Amino acid sequence: MTRRVLPRTRALSRARALTALRAATGVAAAGLLLGACGIRPTEVPTDFGPAPSRAPCALSGPDEEAKAAPEGIPVQVFLVCATQLVTVDRAVRLPTRPESADRLRVAQALLGQLRRMPSEAEREAGYKTEVPQETRVSGPREGDPDSALRLSIQPEDLSTYALAQLVCSYTASAAADEGHGIVLGGPDPEPLRRYECPEELRARPGTQVPPDSVVERD
C-alpha cells in the first residue's frame with residue numbers, strides 16, 4: 001500500500017491547528033476547574049486597590065483616655081468628622097448636675113472640651129475640632145440679657161465649623177435658653193445674636209451657617 005505523504009506546508013498547518021486546539025482545551029478545562037471552586041475566571045488583570053480602612057466616625061471601642069479621666073458629669077459635645085458634626089461623650093467637673101448648674105459654668109466646661117485635642121482613638125476615627133485653643137467665654141455684660149455669653153473672639157470671625165461646634169454644643173446643653181437657642185457676643189460692641197442648631201447645620205457645617213437673629217440690649 002502506497003503511503004500518502006502530505007506536503008510540508010499542509011503538515012505544518014495541521015500541527016499548528018492541533019497545538020491551538022490543545023491550548024483552547026486547556027483554557028476551557030481551567031475555566032471549569034475554577035468555576036467548580038467558586039472562582040470566576042477573568043481575562044484581564046484586575047486591581048481592586050488597597051484593602052478598605054476602618055469606616056470614618058466610628059470608634060472601634062471605648063475611649064481609653066476618656067475612661068482614665070477623672071469622674072465627672074456626662075455631657076456631649078459636637079466634633080467635626082467627615083464634613084459633618086457628630087456628638088461624642090465627655091465628662092466635665094461641675095459642682096452640681098448641669099440641669100441646675102449656672103449657664104456660664106456649663107458653657108466654660110463645654111468650651112474646655114471643644115478646645116481639647118481629640119483622643120488618639122477619636123483622631124484615628126477621623127474626629128477633629130476647629131475651635132481655637134485661645135477661645136474663652138464669659139458671662140453677660142451690663143445691658144446684656146441674662147442668658148447672653150461673651151466669647152473672646154467675635155462669633156462671625158470663627159470658622160463655620162468652629163461656630164457650628166459651639167452653637168450646637170451649647171444649644172444641646174443647660175447653657176441654652178428655654179427655646180434651645182444660645183445668645184452669643186464677642187469682645188467688640190457688636191449686636192448680640194441668638195443662634196440655633198437645626199439638623200441641616202449638623203449635616204453640612206462647612207456650607208451652612210447657624211440661623212441667627214439680633215438680640216436687643218437694654
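None of the values given here were measured: they were computed from a predicted structure. Numbering starts at 1 and runs along the sequence shown.
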Any Lys/Arg nitrogen of D144 or R141 sitting under 4.0 Å from an Asp/Glu carboxylate oxygen of the other?
-> no
Answer yes or no: is there a donor N or O on one side and an acceptor on the other, between the side chain of [X] and the main chain of [Y], under 3.5 Å?
{"X": "R217", "Y": "E142", "value": "yes"}
{"X": "R194", "Y": "S213", "value": "no"}
{"X": "Q133", "Y": "R115", "value": "yes"}
{"X": "R90", "Y": "Q76", "value": "no"}

Decide yes or no for [X] and [Y]: does some side-chain heavy atom of the first lie under 4.5 Å from some side-chain heavy atom of the second?
{"X": "L158", "Y": "L151", "answer": "yes"}
{"X": "L184", "Y": "V167", "answer": "yes"}
{"X": "L163", "Y": "V209", "answer": "no"}
{"X": "L166", "Y": "Y195", "answer": "no"}
{"X": "P187", "Y": "Q154", "answer": "yes"}
{"X": "E156", "Y": "R193", "answer": "no"}

Heavy-atom neighbours of D188 CG exceed 12 at 6.0 Å = yes
Look at atom CD of E134 and say whether more than 12 heavy atoms of other residues, nucleotides or ligands are closer to it than 6.0 Å.
-> yes
For the residue pair [X] and [Y], what are the closest heavy atoms and their distance?
{"X": "P198", "Y": "P211", "answer": "CD-CD, 3.5 Å"}
{"X": "T83", "Y": "P205", "answer": "O-CD, 3.3 Å"}
{"X": "A107", "Y": "L149", "answer": "CB-CD1, 3.6 Å"}
{"X": "S169", "Y": "L110", "answer": "O-CD1, 3.7 Å"}
{"X": "P140", "Y": "A148", "answer": "CD-O, 3.4 Å"}
{"X": "A91", "Y": "Q113", "answer": "O-NE2, 3.8 Å"}

Starting at [atom1] of [X], measure out to [atom2] of [Y] and round the result to the nearest 0.5 Å.
{"X": "D212", "Y": "I182", "atom1": "CG", "atom2": "CD1", "value": "13.5 Å"}
{"X": "I153", "Y": "S159", "atom1": "CD1", "atom2": "OG", "value": "9.5 Å"}
{"X": "L79", "Y": "R123", "atom1": "CG", "atom2": "CZ", "value": "12.0 Å"}
{"X": "D146", "Y": "D177", "atom1": "CG", "atom2": "CG", "value": "12.0 Å"}
{"X": "E199", "Y": "C168", "atom1": "CD", "atom2": "SG", "value": "11.0 Å"}
{"X": "C57", "Y": "E122", "atom1": "SG", "atom2": "CD", "value": "11.5 Å"}

Which residues share a side-chain contact (heavy atoms from CB on, under 4.5 Å) with A176, sequence neighbours left out | none
The remaining residues in the hydrophobic cluster of L85, counting side-chain heavy-atom contacts under 4.5 Å among Ile, Leu, Val, Met, Phe, Trp and Tyr, are F78, V80, Y161
Mind checking what makes salt bridge (Lys or Arg N to Asp or Glu O under 4.0 Å) contact with R202, not counting sequence neighbours?
-> none
For the hydrophobic clusters of this structure (ILVMFWY residues joined by side-chain heavy atoms under 4.5 Å, transitively), does one cluster hold both [X] and [Y]?
{"X": "L104", "Y": "V92", "value": "yes"}
{"X": "V77", "Y": "V131", "value": "yes"}
{"X": "L201", "Y": "V88", "value": "no"}

Walk me through it: do Q165 and T129 pass the test side-chain hydrogen bond (donor to acceptor under 3.5 Å, both in side chains)?
-> CA-CA 8 Å; Q165 282 185 259; T129 182; 3.1 Å; yes
Residue pair V75, S173: steps toward the side-chain contact (heavy atoms from CB on, under 4.5 Å) verdict = CA-CA 8 Å; V75 296; S173 74; over 6 Å; no
